[in-house]
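Chain naming here is simple, since letters A, B, ... match the order of the sequence lines and numbering starts at 1 in each.
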There are 2 protein chains.
Amino acid sequence: MARKQLAVADQPLRLDNQICFAIYSAAHAFNRVYKPLLDRLGLTYPQYLVMLVLWEKDGVPVKDIGERLFLDSGTLTPLLKRLEAAQFIKRTRSKEDERQVLIALTPPGQALKEKARAVPQQVLVASACSIPELSAMKNEIVALRDRLNAAVGE
Amino acid sequence: MARKQLAVADQPLRLDNQICFAIYSAAHAFNRVYKPLLDRLGLTYPQYLVMLVLWEKDGVPVKDIGERLFLDSGTLTPLLKRLEAAQFIKRTRSKEDERQVLIALTPPGQALKEKARAVPQQVLVASACSIPELSAMKNEIVALRDRLNAAVGE
DNA sequence: GCACATTCAATTGCGAACAATTAAATGTGA
DNA sequence: TCACATTTAATTGTTCGCAATTGAATGTGC
């Protein structure tokens, strides 16, 4: 009985009961799936995320990319310098507001989008999941993320 | 029309359609929630995960912790050294197999478990979610993670 | 116009995360 | 037994991720 009481009290601390660990470990699992695919493009996963943002719209300041990806300049500045060294982007100070650095795609950076189109399909296969299932999970996770950010943000 | 065709072809590359980004950004959101709570315990989030494993069962080799958390020695060795420096654990070579380093909790490491009991409840509040909802999501995410790992592992 | 606060990116320092390699201990087959 | 493979941690080097600080540019209230 005492034994069982203890086990019950320990439930909230059990690793397998933690949704945060599920998400943490799933993020690593995705990273492992993406790695060989992105190696061919010459991108890391966070660099791929930045490129996704830029393929939607480039010529944007660092801050906008950071807000989109929930990353700050401490992460983005060196990452963007590596993307510039790889010739995928160009960083230029804004004329209108010299505090801002605008990020634009180079022709190779634009061209990389075509090579990247193969990636999502291969990840989909690895997930062994249907698009509607993934979409539903995605919406739940985004809603959870936004509530967590709201709880911290205020 | 041509405009719309392009937009359709771009859908798989849109950031907001990517479940991997949902998970990636949710992991960071969790980290932001945990940070102030774990600061009081003197732990980082990955260190907290290691302690969760050890609170369930200690005296285990590094490899076991790694398999549980999907981490390798390159990550764990320095992390465990920091936990040892903080007096929460003790690292000792196994007598039976000198390749193994066994990780045991110190009394302060054991005692920390009691302080940690407050953490899950506070994260639950921040999630603004019911336990059954979180549990259902957790199971879906774990299943997805395991399929991803299986796709890479083979 | 001028002190003051705010915004934006860069920098520094620390802690993961992982690939690749190394070294020591152990296991195995001939 | 002895060559060889395997297992286990540790190490090295690169890339995130973030807190805290800095410095320049811009906005503001008086």
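Nucleic acid contact class of A:P78 (heavy atoms, under 4.0 Å, all strands): none.
Applying the side-chain hydrogen bond (donor to acceptor under 3.5 Å, both in side chains) rule to B:K35 yields the partners B:D39; only residues at least two apart in sequence or on another chain are considered. Taking the salt bridge (Lys or Arg N to Asp or Glu O under 4.0 Å) definition, one finds that B:R32 meets it with nothing, sequence neighbours left out. With sequence neighbours excluded, the residues forming a side-chain hydrogen bond (donor to acceptor under 3.5 Å, both in side chains) with B:K63 are B:E67, listed by chain and number. Annotation: side-chain hydrogen bond (donor to acceptor under 3.5 Å, both in side chains) contacts of B:E98 (sequence neighbours excluded): none. Residues satisfying the salt bridge (Lys or Arg N to Asp or Glu O under 4.0 Å) test with B:K81, not counting sequence neighbours, are none. When the ring pair (Phe, Tyr, Trp, His ring centres under 6.0 Å) test is applied to B:F30, no partner is found at least two apart in sequence or on another chain.
Under the 4.5 Å side-chain criterion, counting only non-hydrogen atoms from C-beta, B:H28 is not in contact with A:N149. Side-chain atoms of A:N139 and A:S135, non-hydrogen and from C-beta on, do get closer than 4.5 Å to each other.
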Dump the pairs, protein N or O against N or O of nucleotides 2-5 of chain C, anything under 3.5 Å, distances to one decimal.
none

Could I get a table of every N or O pair under 3.5 Å where one atom is in the protein and the other is in nucleotides 25-28 of chain C?
unit_1: C:dT26; atom_1: OP1; unit_2: B:E98; atom_2: N; d: 3.2

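For the helix from C:dG1-D:dC30 to C:dA30-D:dT1, the rotation axes defined at the first and last 5 base pairs enclose an angle of 20°, given to the nearest 10°.
When B:V50, B:V53, B:I65 are each tested for a side-chain contact (heavy atoms from CB on, under 4.5 Å) with B:I103, only one passes: B:I65. Each of B:L52, B:V123, B:L49, B:L134 was evaluated against A:Q18; a single residue qualifies, B:L52, per the side-chain contact (heavy atoms from CB on, under 4.5 Å) test.
Taking the side chain of A:K81 as heavy atoms from C-beta on, and the options C:dC8, D:dA9, C:dT11, the nearest nucleotide is C:dT11.
Applying a 4.0 Å cut-off to non-hydrogen atoms, the residues of residues 15-51 of chain B that approach DNA chain C are B:T44, B:P46, B:Q47, listed by residue number. Of all the residues in residues 64-76 of chain A, A:F70, A:L71, A:D72, A:G74, A:T75 reach under 4.0 Å from DNA chain D with at least one non-hydrogen atom.
The ring pair (Phe, Tyr, Trp, His ring centres under 6.0 Å) analysis of residues 47-105 of chain B, with sequence neighbours excluded, yields the pairs B:Y34-B:Y48.
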